[in-house]
2 protein chains.
Amino acid sequence: MSPRARTARTKEDQGHEAAGQAPRAGDLTRTKILHSAEDLFGEHGFDGVSVRQIALAAGVPVALVNYHFGGKEGLYRAIFEMRSPAIVDDRLAGLRLAELEPNPDRKLELIIRALIVPMIHLRNTEKNSSYARILARETSSPSRHSKEIIGEFFDPVARKVTEAMMQALPDRRPEEIHWAYHTMIGAMVFIMADTGRINRLSDGTCDPDDEMSTATHLVALLHAALKHGRVPEPPRKGNL
Amino acid sequence: MSPRARTARTKEDQGHEAAGQAPRAGDLTRTKILHSAEDLFGEHGFDGVSVRQIALAAGVPVALVNYHFGGKEGLYRAIFEMRSPAIVDDRLAGLRLAELEPNPDRKLELIIRALIVPMIHLRNTEKNSSYARILARETSSPSRHSKEIIGEFFDPVARKVTEAMMQALPDRRPEEIHWAYHTMIGAMVFIMADTGRINRLSDGTCDPDDEMSTATHLVALLHAALKHGRVPEPPRKGNL
DNA sequence: AAAAATCTTGTCAACTTGTTCAAATCTGCT
DNA sequence: AGCAGATTTGAACAAGTTGACAAGATTTTT
């Protein structure tokens with residue numbers, strides 16, 4: 001069979017890349033495939049791309065994909081293993097920063113920024129823009145496979161964010177916090193999906209490529225939503 | 001060839017179903033296929049389902065799909081032609097209602113409701129829940145095909161909504177209106193996608209199946225976002 | 001230098017994909 | 001009853017799918 005297949009040593013490759021710990025021969029091929037896959041998956045989705053197209057784009061024989069990643073699913077997972085840590089770590093760092101802020105209003109904004117800015121930044125970093133699209137697709141897909149991947153890679157940090165929100169907004173019911181959180185994720189993910197609709201409908205006034213402007217607007221809107229968006233009635237049953 | 005292929009007479013079938021105007025023989029088959037397709041496309045996306053799976057679920061031979069809809073794409077389009085008018089009309093009706101409201105604050109809320117409530121309602125109407133998922137997928141997909149379909153069926157009403165928003169919030173720059181609009185769409189579409197993540201992360205406290213509660217929370221949050229979410233600085237270039 | 005592990009390559013088989021075809025059946029109309 | 005058009009059917013098609021293999025090339029270790 002294959003000596004080291006599956007999604008084995010991806011952490012070493014990306015995680016501590018600086019300390020050159022035995023870069024093997026196949027690593028160049030790995031990253032070539034990984035990048036092509038990222039682009040194509042981002043554009044057409046998991047089912048919309050064949051391994052052959054990826055291999056062709058990467059300029060390698062098809063068999064190499066199976067050798068290095070143990071199949072199409074393994075390749076897909078490898079993309080998440082490569083990219084996710086960066087966002088998650090950035091978010092956690094942002095949350096730690098928010099904890100230090102005494103002013104409750106500023107604190108709330110910092111939490112929102114911790115959630116949003118890493119992703120916006122990711123999207124606008126040349127090489128990673130496709131991953132943002134992949135993430136957008138996956139986040140809003142109801143399939144079992146998507147749930148597993150998102151759950152594994154992003155649920156932990158999601159819980160941290162909601163906890164921080166509860167602390168920053170102590171007068172809200174958990175229900176309100178969670179709806180607010182998913183409103184934020186939805187808005188963010190939609191803009192990250194990059195359908196071009198924003199540019200189209202705004203006649204070019206709004207441009208997601210403008211990292212600064214996008215973040216400013218999105219944070220302002222979501223900050224207002226969280227700060228002033230109280231739900232009037234406590235949730236008694238049978239109200240119509 | 002096929003006498004009447006393509007996506008011909010879908011309006012007659014669904015639109016004015018009451019007045020029985022010549023229900024042809026194949027109409028039952030058509031709707032069987034249409035419904036199965038809706039479910040499967042909603043669950044796995046366009047590329048995630050094969051025509052054979054759809055035919056199998058509908059209990060008809062594969063060839064009938066091509067006969068009635070002229071191919072897979074035609075079938076997909078037919079779903080939009082069947083479902084879209086209902087939402088679009090509901091939204092337009094909601095917008096007309098909002099125009100009559102004198103109180104600017106209430107007016108803004110009515111506009112938001114006009115955009116959101118029809119879709120939430122659609123999602124929670126037994127038969128149509130899958131279409132909401134299809135719509136969510138398609139709205140946040142960057143592929144050319146998705147752009148075309150969404151553009152054709154939903155851009156017109158989108159422009160009406162943004163126009164109404166500009167009237168209700170005359171002190172905002174167009175830029176702000178458009179970011180706000182896409183924030184709304186994103187939040188809504190994400191919740192409609194129905195990934196189960198909301199239930200999971202909130203430990204069941206939030207349930208998108210509860211139409212009333214979902215609408216209340218979402219409208220409250222977005223209303224606050226639009227009302228208080230001003231962007232501080234005018235967009236001068238080169239700000240860092 | 002020899003041996004062992006790793007990496008690359010072209011090809012293959014088993015299977016699924018969307019679509020088409022000719023023949024059969026059903027339908028309503030004169 | 002008979003006919004024309006609409007509908008249904010099962011089979012077939014060409015093209016593309018994934019994953020696997022053995023054999024060769026390369027690198028690393030002994």
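FYI, side chains are in, hydrogens and waters are out, and symmetry mates aren't considered; it's all heavy atoms of this structure. Chain letters run A, B, ... following the sequence lines, proteins first and then strands; every chain starts at 1.
As a whole-Å value, the separation of A:F69 CZ from D:dA20 P is 16 Å. Atom C1' of nucleotide C:dT19 and atom CD of B:E73 are separated by 13 Å, given to the nearest angstrom. When the C1' atom of D:dG24 is taken as reference, atom OH of A:Y67 falls 14 Å away, rounded to whole Å. Rounding to whole angstrom units, CG of residue B:L64 and C1' of D:dT7 are separated by 7 Å. Between the C1' atom of D:dA6 and the CZ atom of B:R30 lies a distance of 13 Å, rounded to the nearest Å. Rounding to whole angstrom units, CG of residue A:L28 and C1' of C:dT6 are separated by 15 Å. Taking atom CD1 on A:I33 and atom C1' on C:dT8, their separation rounds to 11 Å, with Å as the unit. The distance from atom CG of B:D27 to atom C1' of C:dT27 is 13 Å, rounded to the nearest whole Å.
With B:T125 contributing its side chain and B:H121 its backbone, the two residues share a donor-acceptor pair below 3.5 Å.
Listed by chain and residue number, A:R133 satisfy the side chain to side chain donor-acceptor pair (under 3.5 Å) test with A:E43 (two or more places apart in sequence, or in another chain). Remark: A:E148 pairs with A:R144 by the salt bridge (charged side-chain N to carboxylate O under 4.0 Å, His left out) rule, at least two apart or across chains.
Note: A:H182 and B:F190 have parallel aromatic rings, judged against thresholds of 30 and 60 degrees for the angle between ring planes.
Of the options A:T139, A:I149, A:L135, a side-chain contact (heavy atoms from CB on, under 4.5 Å) to A:F154 is made by A:L135 and by none of the others. Across B:I120, B:I134, B:L122, B:N124, a single residue satisfies side-chain contact (heavy atoms from CB on, under 4.5 Å) together with B:M192, and that is B:I120.
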Please tabulate the protein-to-nucleotide N/O contacts below 3.5 Å involving nucleotides 14-18 of chain C, giving atom names and distances.
from	atom 1	to	atom 2	distance (Å)
C:dT17	OP1	B:S50	OG	3.2
C:dG18	OP1	B:K72	NZ	2.8
C:dG18	OP2	B:V51	N	2.9
C:dG18	N7	B:R52	NH1	2.9
C:dG18	O6	B:R52	NH1	3.1

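Side-chain N/O atoms of B:H68 include none lying less than 4.0 angstrom from OP1 or OP2 on D:dA6.
Comparing atom distances between the A:A63 side chain and each of C:dG10, D:dT8, D:dA11 picks out C:dG10 as nearest. The side chain of B:T29 lies closest to D:dT8, out of D:dT8, D:dC21, C:dC7.
For the pair A:R77 and A:E152, the salt-bridge criterion is met [side-chain N within less than 4.0 Å of a carboxylate O].
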